[in-house]
Asker: 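Next up is a structure, given as structure tokens.
Numbers here simply count residues along the sequence, with the first being 1. Order of appearance sets the numbers: ligands from 1, and atoms from 1 within every ligand.
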Amino acid sequence: MKFPEIRPRRLRYNEKIRKMTRETQLSLNNLIYPIFVSETIREKQAVKSMPGVYQFDLDSAVKEAMEVEKLGVPAVILFGIPREKDPLGSSAYDDNGIIQKAIRAFKENTNLYIITDVCLCEYTDHGHCGIIKDGYVDNDETLKYIAMEALSHSKAGAHMVAPSDMMDGRVKAIRDSLDKNGFTHIPIMSYSAKYSSAFYGPFRDAAESTPKFGDRKTYQMDPSNRREAIKEGMLDIEEGADILIVKPALAYLDIIRDFKDCFNVPIAAYNVSGEYSLIKAAAEKQYIDEEKIILEVLTSIKRAGADLIITYFSKTVANLL
Ligand code: PBG
């Protein structure tokens, strides 16, 4: 009987040595917490499909932001639910819109790093991420409005903008508009590989952004495609993106790894609503150990190559670490 000479188990002997040799460390520094701010409610309201997640009115949103900051989470990404929706998503680029107000209020009350989701779907009455012409989302027409929205968020004081509409050329349109208006210092974190995914279901409850007709397949990516993600990432880098997002995260860990290997900018992953709700539902039934699963899942997203993780679990992780 020949005994093994190389024994990986030596470095698993106890928690001390395991910790010393751990390759991937989850850190609060890398987490971004999504917050939904609504103009249509007077107090915070639970999102049914996402236990622990709320829509906030402005006041309760500020309270939430202060709590998030106290827990040590460095950044938030904001989503708005406006009072008025119309075909052109006008409240998205209204300097007195709900997000613009929230940015100002957050900056007055916290030192959080404020990122805004730049998209039209929460603001259009048809629920699509762009302007509709003849039943089709018109790419180049949409770019103008997306750029206006990013500019309006920057004027209100956003630290970073994150376009999630998936129109071709939006990063360049936003960069041009920000630069022309004195916002050369505002980075763009682009949802580069955003797949047309069933994992967004619960989010659309939270953001009230379900499309009224059709689906998002003419602009979001087909889940079967891997090389196309690289093409999207390349285009966004050429157009001036500072950070690239892969979304969703768990079913797309290969894409996160591809991005990490192909691009020398920070990579972010969006641990989306459906990924959150799956864990919450299973935990409620006590099928799984919620805390352990959360840490394992987020660590695996980081191990796959994500520098930053946008996650509804940020507060939970802050309490765990
Ligand atoms: C679009 C947007 C979506 C998400 C963030 N921004 C989804 C969509 O296409 O409807 C999804 C986030 C999540 O599921 O947590 N503005």
Asker: Show the atoms of ligand 1 that are less than 4.0 angstrom away from any heavy atom in Cys121.
Answerer: 1 (C), 16 (N)

Asker: So Leu88 and Thr124, do their side chains get closer than 4.5 Å, heavy atoms only?
Answerer: no

Asker: Out of all atoms in ligand 1, which are within 4.0 Å of some heavy atom of Cys119? Include the element for each.
Answerer: 16 (N)

Asker: What atoms in ligand 1 come closer than 4.0 Å to a heavy atom of Tyr270?
Answerer: 12 (C), 15 (O)

Asker: Find out whether Lys101 and Val37 are in side-chain contact, i.e. whether some heavy atom of one side chain is under 4.5 Å from a heavy atom of the other.
Answerer: no

Asker: Check each of Met50, Glu275, Arg204 against atom 8 (C) of ligand 1 and report the one with the nearest heavy atom.
Answerer: Arg204

Asker: Can you label the angle between the Tyr219 ring and the His128 ring as parallel, tilted or perpendicular, going by 30° and 60°?
Answerer: perpendicular

Asker: Backbone, side chain, both or neither: what part of Asp165 comes under 4.0 angstrom of ligand 1, heavy atoms only?
Answerer: neither

Asker: Which pair of heavy atoms, one from Ala241 and one from Val171, lies closest together, and at what distance?
Answerer: N-CG1, 3.6 Å

Asker: Would you say the ring centroid of Tyr33 lies under 6.0 angstrom from that of Phe313?
Answerer: no

Asker: Which pair of non-hydrogen atoms, one from Pro223 and one from Tyr252, has the smallest distance, and what is that distance?
Answerer: CB-OH, 3.3 Å

Asker: To which protein heavy atom is atom 12 (C) of ligand 1 closest, and what is the distance rounded to 0.1 Å?
Answerer: Phe203 CD1, 3.3 Å

Asker: Look at the rings of Phe263 and Phe259 and say which category their plane angle falls in: under 30° parallel, 30 to 60° tilted, over 60° perpendicular.
Answerer: perpendicular

Asker: Can you tell me if Ser164 has a non-hydrogen atom under 4.0 Å from ligand 1?
Answerer: yes

Asker: Taking the side chain as every heavy atom from C-beta outward, state whether Tyr276 and Pro202 have any atom pair closer than 4.5 Å.
Answerer: no

Asker: Any ion pair linking Arg18 and Glu15 (charged N to carboxylate O, less than 4.0 Å)?
Answerer: yes

Asker: For atom 9 (O) of ligand 1, find the nearest protein heavy atom and state the residue, atom name and distance (0.1 Å precision).
Answerer: Gln220 NE2, 2.7 Å

Asker: Nearest to atom 1 (C) of ligand 1 by heavy atom, Lys194, Met166, His128, Glu122: which?
Answerer: Lys194

Asker: Would you mind listing which atoms of ligand 1 come within a distance below 4.0 Å of any non-hydrogen atom of Tyr312?
Answerer: 12 (C), 13 (C), 15 (O)

Asker: Just need the protein heavy atom nearest to atom 4 (C) of ligand 1, so name the residue and atom and give the distance.
Answerer: Lys247 NZ, 2.5 Å

Asker: Measuring from the heavy atoms of Phe79, does anything fall under 4.0 Å of ligand 1?
Answerer: yes

Asker: So which protein heavy atom does atom 14 (O) of ligand 1 come closest to, and at what separation?
Answerer: Ser273 OG, 2.7 Å

Asker: Quick check: Tyr191 and ligand 1, any N/O pair under 3.5 Å apart?
Answerer: no

